[in-house]
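Every chain is numbered from 1 and lettered A, B, ... according to where its sequence line falls, protein lines coming before strand lines.
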Protein chains: 2
Amino acid sequence: MPYPAKTSPDDILAAALTLLETGGPQELTMRSLAAALGLRASSLYRHYTSREVLEAALATEGTQRLHLALETAAAQQPPAEAIRNVADAYLHFAREHPALYDLMHAAGPPKLATPGPAKDLWNLLLGLVGTVTGRADDTAGAVAFWAFLHGYRGLERDGLFGLSGPQQGLARGLTALTLGLALDDRA
Amino acid sequence: MPYPAKTSPDDILAAALTLLETGGPQELTMRSLAAALGLRASSLYRHYTSREVLEAALATEGTQRLHLALETAAAQQPPAEAIRNVADAYLHFAREHPALYDLMHAAGPPKLATPGPAKDLWNLLLGLVGTVTGRADDTAGAVAFWAFLHGYRGLERDGLFGLSGPQQGLARGLTALTLGLALDDRA
DNA sequence: GTCTATAACCCGATAGAC
DNA sequence: GTCTATCGGGTTATAGAC
């Protein structure tokens, strides 16, 4: 055959992930991605109709991986340990895949309502917080917990902890938040 | 005079702020900025040597404005009200100036150690949290409080609260965090 | 200090041959 | 399915005239 297949959607996705982690978001262009796969940019459009579609696929893949990591971290652990393990796993994921984590939040609003990786992730957080606060559907508590993790990661990524480090801000915030969520009995 | 001054660093900064808020970060280019001022892109380089320098100036300006807004919100208020007012003012600022807020965090790490707007902002948060926890330099507590606000804003901006809204996640997180920080007596 | 002109790069995406 | 060639657009930044 004159033009045998050199790649596939999965290959492209994998190469894009590697490129994203090694060179950051600036390096993820259709040209450099094609080069990493040994082909031309125009060939990619046979597998992903646009860059936007490719980024959406990346975001979905990232959300799935994060969900899996958190699930593993929480497995077979009592509530207090599960919370800490999940927080550590969350931050570890964001540190290891900073550009992917950013992309997950930049590429459109992941629908928490409709079934999919984003909803799975949300349900995990909801259940986790529920085991600590004793409420079945503690939406507000899960939002607070997620906001804290997401924000801590943002500050850390922006280098705001400089040389002095976060000074136990993570541990203290986590303890305070779980303690406060369990005690607070607002409606 | 053949070429009278049409602009100044302050004019440019003001126009850049307007452009940033109306059109988002994509619209803030040297070309469009110059066009908004009625001149050519190359003329801007007499006032700001590069786009990077201009963005740094924007970030500094934004940090000053945020600091001022928080200072006003906290003034003459008992601790509990001050915390809530500051949180509201913080989120209000981020909602009103989303692109500027992003730029403040994207344009290099603001040094919290060296004197400047960023340190002023940090000191305000540190003092505010101190009035609630009763500790003089509660670095960890301030980090936790800031992380929560920053993270809540990020989730809100990414549209993760969809139609159902944050479900009191802000109020509950704030209450839980302040309660927990005041009660927790970890070192 | 502003102008014109241009250098030197980058990007996503498409047409049509094979 | 991949290729070459190219369209059409964008950007920061500089050189030199006035």
Rounding to an integer number of Å, can you tell me how far Leu39(B) CG sits from dG1(C) P? 12 Å
Applying a 4.0 Å non-hydrogen cut-off, can you work out what Ser42(B) is touching in the nucleic acid: base, sugar-phosphate, or nothing? base
Separation of atom CG in Leu28(A) from atom C1' in dC10(C), rounded to whole Å: 15 Å
Round to the nearest Å and state the distance from Gln26(A) atom CD to dC9(C) atom P. 17 Å
Measure from CD1 on Ile12(A) to P on dG12(C) and round the result to the nearest Å. 14 Å
Spacing of Tyr45(A) atom OH relative to dC3(D) atom P, expressed in whole Å: 14 Å
Sub-3.5 Å donor-acceptor pair from the side chain of Arg51(B) to the main-chain atoms of Leu28(B), do we have one? yes
With a 4.0 Å cut-off on heavy atoms, is Arg40(B) in touch with a base, just the backbone sugar-phosphate, or nothing at all? base
Let me know the distance between CZ of Arg31(B) and P of dT12(D), rounded to the nearest Å. 7 Å
Under-4.0 Å salt bridge between Arg172(A) and Asp138(B): yes
Does the pair Asp102(A)/Arg157(A) count as a salt bridge with the N-to-O cut at 4.0 Å? yes
Can the ring centroids of Tyr101(B) and His150(B) be said to lie less than 6.0 angstrom from one another? yes
Once you apply a heavy-atom cut-off of 4.0 Å, does Ser43(A) come out as touching a base, just sugar-phosphate, or nothing? base
Ala41(A) or Gly38(B): which one's nearest nucleotide on DNA chain C is closer to the 5' end? Gly38(B)
Rounded to whole Å, CZ of Arg51(B) lies from P of dA13(D) at a distance of 8 Å
May I have the distance from Arg46(B) (atom CZ) to dA13(D) (atom P), rounded to whole angstrom? 15 Å
